[in-house]
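The sequence lines fix the lettering, A, B, ..., with proteins before strands; numbering per chain opens at 1.
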Amino acid sequence: MGKVKTIILIFLFLWLIALVTSWLIGAPRFSNTIAILPLEGVIHGGTDATSILSAGGTSSLDFIARLDEAVKDPLVKGTVIQINSPGGTVVASKEIADAIKGIDKPVVAWIREAGTSGAYWVASASDAIVADPLSLTGSIGVTSSYLSFGDLLEDYNVTYQRLVTGKYKDLATPFKELTNEERALLEKKLYDIHDYFVAEVARNRDLPEENVRALATGEFFLGQEALPLGLVDYLGGKETAMNITKQLANITSAEEKVYKEKLGFLDVFSSFAESRQPRQMELQIR
Amino acid sequence: MPFSAKKQHAPLWKRILAYVVDAMIIAVLLSPLPSIRITNFILDMAIVRSLLTVFLVGSILTVLYFALLEFYVGQTIGKLVFSLAIASEGKALNFSQALLRNVPKFSSLLLIIDSLPIILGRSHQRFFERISHTEVVQWER
């Protein structure tokens, strides 16, 4: 074998070892990092794997796990929550907001297309909110609206056989009309959640509760409208969010690391099966 | 390549230049490995592990570059450019000799210490060259 050929072969052999090793050990980081956590679609209380096809949303449990992983990394100096969500279920939104409040590193919410209702609750828990001038924010309110099929079933001569052990056990079933008493009870619960939501936003944003209550009509605001109302702190995009996070973290430069949901091959199939299951009524804030 | 009767010791400047050429080639060879830019040192096990892994793999590949080329070709690319070659005392160079003489290339500091006899002008061989019974000679085309 020629000398040049041998040299090339040895070089390629060693280069391949370097390549494989690099692939095996990944890309270690050695410098300050800003974690970016996407919060996309409807916020729900399941797991990402069981709802990706049905809703394409964000699971509070999985999001908190990713947030925890990011915060525990000693090189992560701050976190940007990249929000594009219309809101979601009450408890799931509250869980994420509570998790954010428990973090001692800076957290900045960056609202892209939408950060309304439950997603705004999450954003309000962060240290600063950056929103695009044309993004949708606010929409502080609670809904539990649903389709009622009672009359439709009657038209088809299908009857709802009511078998309950308590008068409210089948509250809000879509197969019968709500009674006045049931409606009043349900609305009371909604207002309780609404009050809690308003109080949380007021506390998180350091705004007078009456001001937030006046804004909590369910109306959404554009980013540029939300700024003078005190619902957001800055108008801008990713660069603004990153700069503010660095400023809050007292660092001048940082790498980015995106913490996305990890979906396995089998998870796609399990989520497909899960999406065929009927879903229970949920109290939603969106 | 066994010692020839007319062997000539390689001058230090040629050896240094050959090493510089090899270092450049090694930089290309190690380019797939993650680059290390430390802007903030935090004593964390994950970081220490990453640093050690990159250092170990880089050092092993460097030693292998010299050992494999010297064993199979009798010279590295840098030595080829400057007409230098490895000579073994009395017999053909075997792989253990090639490996042993290049062990100090595991780290630059080790290589400098190993090269002190040449730098101080006391010998034409590094410590590990003496142990491995090898030496760098001028290669006659």
Side-chain angles (χ1 to χ4, degrees), chain A residues 1-35 65-66 68-79 103-106 242-243 245-259, chain B residues 1 21-22 24-81 83 85-86 95 98 102 105 139 141:
Chain A
M1 199 171 354
K3 195 181 267 188
V4 176
K5 222 179 197 177
T6 313
I7 290 171
I8 291 170
L9 275 178
I10 290 172
F11 185 88
L12 282 178
F13 169 69
L14 295 174
W15 190 77
L16 264 176
I17 294 177
L19 199 69
V20 171
T21 313
S22 169
W23 179 71
L24 286 176
I25 63 174
R29 290 168 296 114
F30 303 96
S31 51
N32 290 330
T33 303
I34 300 290
R66 287 195 290 276
D68 201 39
E69 186 192 337
V71 170
K72 277 184 181 157
D73 184 335
L75 288 174
V76 169
K77 301 296 175 194
T79 303
I103 296 171
D104 52 5
K105 293 178 183 178
M242 292 294 288
N243 287 338
T245 314
K246 280 186 249 178
Q247 222 173 298
L248 292 173
N250 238 344
I251 53 172
T252 48
S253 65
E255 289 179 18
E256 290 173 30
K257 186 181 177 189
V258 181
Y259 287 76
Chain B
M1 180 185 291
V21 172
D22 284 326
M24 288 193 283
I25 289 159
I26 288 165
V28 176
L29 182 75
L30 301 183
S31 61
L33 289 178
S35 57
I36 300 175
R37 274 187 302 119
I38 302 173
T39 59
N40 183 12
F41 184 74
I42 298 166
L43 196 59
D44 174 69
M45 273 321 287
I47 300 164
V48 173
R49 214 179 302 129
S50 297
L51 273 169
L52 275 177
T53 312
V54 174
F55 173 75
L56 268 176
V57 173
S59 301
I60 290 169
L61 288 176
T62 303
V63 171
L64 278 178
Y65 165 84
F66 285 100
L68 287 172
L69 282 176
E70 286 174 1
F71 173 64
Y72 284 109
V73 187
Q75 54 196 162
T76 60
I77 299 169
K79 289 186 179 79
L80 181 72
V81 172
S83 304
I86 304 303
F95 187 69
N102 286 303
K105 284 164 189 162
W139 178 52
R141 285 176 197 274

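Proximity to chain A is limited to the side chain of B:Ser31, based on heavy atoms less than 4.5 angstrom apart. Both the backbone and the side chain of A:Ile7 come within less than 4.5 Å of a heavy atom of chain B.
Atom CD1 in B:Ile60 sits 9.5 Å away from atom CD1 in A:Ile17 (nearest 0.5 Å). Here B:Leu68 contributes atom CG and A:Thr6 contributes atom OG1; the two are 11.0 Å apart, rounded to the nearest 0.5 Å.
B:Leu29 and A:Phe11 make their closest contact through CD1-O, 3.4 Å (heavy atoms, listed as atom of the first residue, atom of the second, distance). Of all non-hydrogen atoms in B:Leu69 and A:Ile10, the two that sit nearest each other are CD2-CD1, 3.7 Å.
Among residues two or more places apart in sequence or in another chain, the side-chain hydrogen bond (donor to acceptor under 3.5 Å, both in side chains) test is passed with A:Asn243 by none.
Applying the side chain to side chain donor-acceptor pair (under 3.5 Å) test to every pair with at least one member in residues 57-72 of chain B, sequence neighbours left out, gives these pairs: B:Asp22-B:Tyr65, B:Glu70-B:Lys79, B:Glu70-B:Arg101, B:Glu70-B:Asn102.
Your options are A:Ile251, A:Leu14, A:Leu19, and the one with the most heavy-atom pairs under 4.5 Å with chain B is A:Leu14.
Residue B:Phe95 qualifies as enclosed at atom CZ: its count of foreign heavy atoms under 6.0 Å is above 12.
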